[in-house]
Amino acid sequence: MLESLRGKRMMFVGDSLNRGQYVSMICLLHSIIPENSKSMETFGSLTVFTAKDYNATIEFYWAPFLLESNSDDAVVHRIADRMVRKGSINKHGKHWKGVDIMVFNTYLWWMTGLEFKILQGSFEDEEKDVVKLPTEEAYRMAMKSMLRWVKKNMDPDKTRVFFTSMSPSHGKSIEWGGDENGNCYNETKMIDDLTYWGSDSRKSIMSVIGQVFGNSKVPITFLNITQLSSYRKDAHTSIYKKQWTPLTDEQLANPVSYADCVHWCLPGLQDTWNELLYSKLFYP
């Protein structure tokens, strides 16, 4: 893998789930690189791992919607009233130019309800022109923007572009036959029902992806991790994630209340995502 990355840039663009896949990739590769031949630096939204002897970088760029949004701060972005700006992908895309291997994702941050706010002007405008669209249509807009950017900026003869499908969460254990008030906390086994599909993975969004990609001639490889990840209720960070604020006594008494059933443990499932990425990268 490293030899194939010699002289190249690989970049993951998206949200914290894509960052998890990025960290997984770094963990899989860095152990064979001497300590003085590698570095990791962060510049705002961009984190760069450099393998110096290979003149290669593996990068992560925080853009949870791909488009410009009010959640673009890489550190302070927990905003309930989320909004994206129409036609704004170049706000982030200017930082992606020159990349040889691109891995996009965007899904979780769109899931705030049945409608999503679209800004038609600028975030600097005193009076903002905001419209609401069905979430599926807002997501479609983002997918089309991404494909237009790829068509304009990525040479298909020299580069590869991937899009990772939605990462499932496991916040309702009743869906797999568990307690009605439970979630992924204390789960130690996979779901063995091969037809399982949780309600947190919107099939309507998957349909949008299929429609947009199906109608496009832009060469982009779809990395479908949704179904295989749906079985892994046992693979989340659960109560072992970093807590950014102290837990209350009430929370500590009820671990279900603060278990993270969205993100994944490493080593773990996201290593499998990268094995799939590897296979599609070198054996398309």
Side-chain angles (χ1 to χ4, degrees), residues 1-33 38 40 47-51 53-54 56-61 99-108 146 150 154 156 159-170 184 187-198 200-201 206 209-210 213 219-238 240-241 260-284:
M1 179 71 176
L2 277 171
E3 192 58 49
S4 300
L5 290 175
R6 185 178 291 278
K8 295 181 179 179
R9 293 176 66 195
M10 181 179 195
M11 180 181 283
F12 293 79
V13 174
D15 58 22
S16 57
L17 289 157
N18 219 24
R19 180 167 54 205
Q21 186 175 359
Y22 163 74
V23 172
S24 162
M25 180 65 78
I26 299 302
C27 291
L28 290 169
L29 295 177
H30 88 94
S31 61
I32 63 172
I33 304 173
K38 58 190 174 186
M40 180 89 97
T47 300
V48 181
F49 175 83
T50 303
D53 293 343
Y54 295 87
T57 61
I58 305 173
E59 308 172 29
F60 171 75
Y61 186 92
V99 169
D100 300 284
I101 303 168
M102 180 74 82
V103 184
F104 288 109
N105 97 312
T106 183
Y107 169 68
L108 184 68
M146 178 190 72
V150 170
M154 302 291 284
T159 63
R160 291 291 305 278
V161 182
F162 297 85
F163 183 82
T164 303
S165 67
M166 64 183 77
S167 174
S169 54
H170 292 89
C184 70
E187 294 287 352
T188 58
K189 295 181 179 180
M190 292 172 52
I191 294 171
D192 56 14
D193 178 4
L194 296 181
T195 65
Y196 176 78
W197 187 280
D200 290 334
S201 299
M206 195 68 108
I209 296 170
F213 285 15
I220 186 165
T221 302
F222 185 53
L223 197 65
N224 191 347
I225 54 85
T226 305
Q227 186 71 69
L228 71 90
S229 304
S230 292
Y231 305 131
R232 296 303 310 274
K233 61 181 172 64
D234 59 316
H236 291 285
T237 53
S238 187
Y240 303 103
K241 66 167 287 184
D260 182 347
C261 299
V262 172
H263 299 95
W264 307 96
C265 289
L266 288 175
L269 175 66
Q270 290 182 301
D271 299 331
T272 302
W273 298 5
N274 279 322
E275 289 180 15
L276 290 174
L277 174 61
Y278 178 89
S279 66
K280 288 185 176 289
L281 182 59
F282 296 108
Y283 306 98

- Task: Kindly check if the number of other-residue, nucleotide or ligand heavy atoms within 6.0 Å of OH (Tyr240) is above 12?
- Result: no
- Task: Would you check if there is a donor-acceptor pair between the side chains of Thr226 and Ser165 at a distance under 3.5 Å?
- Result: yes
- Charged N to carboxylate O below 4.0 Å: is that the case for Asp100 and Lys8? no
- What do the steps show when you test Met102 against Met146 for side chain to side chain contact (heavy atoms under 4.5 Å, CB included), and what is the final call? CA-CA 12 Å; Met102 180 74 82; Met146 178 190 72; over 6 Å; no
- Task: Write down the atom of Asn18, the atom of Phe60, and the distance for their closest heavy-atom approach.
- Result: C-CE1, 4.0 Å
- Could you tell me whether the side chains of Ser24 and Trp264 share a donor-acceptor contact shorter than 3.5 Å? no
- Message: Quiz question: by atom type and distance under 3.5 Å, do the side chains of Thr188 and Asp234 form a donor-acceptor pair?
- Response: no
- Message: Can you confirm whether more than 12 heavy atoms, excluding those of Lys280, are under 6.0 Å from its NZ atom?
- Response: no
- Message: Aromatic contact between His236 and His170, with the criterion being ring centroids under 6.0 Å apart: yes or no?
- Response: yes
- Message: Less than 6.0 angstrom separating the ring centers of Tyr22 and Phe49, yes or no?
- Response: no
- For Trp273 and Leu277, indicate whether the former's side chain and the latter's backbone hold a donor-acceptor pair under 3.5 Å. no
- Item | Geometric class of the Phe222/Phe213 ring pair [parallel <30°, tilted 30-60°, perpendicular >60°] | perpendicular
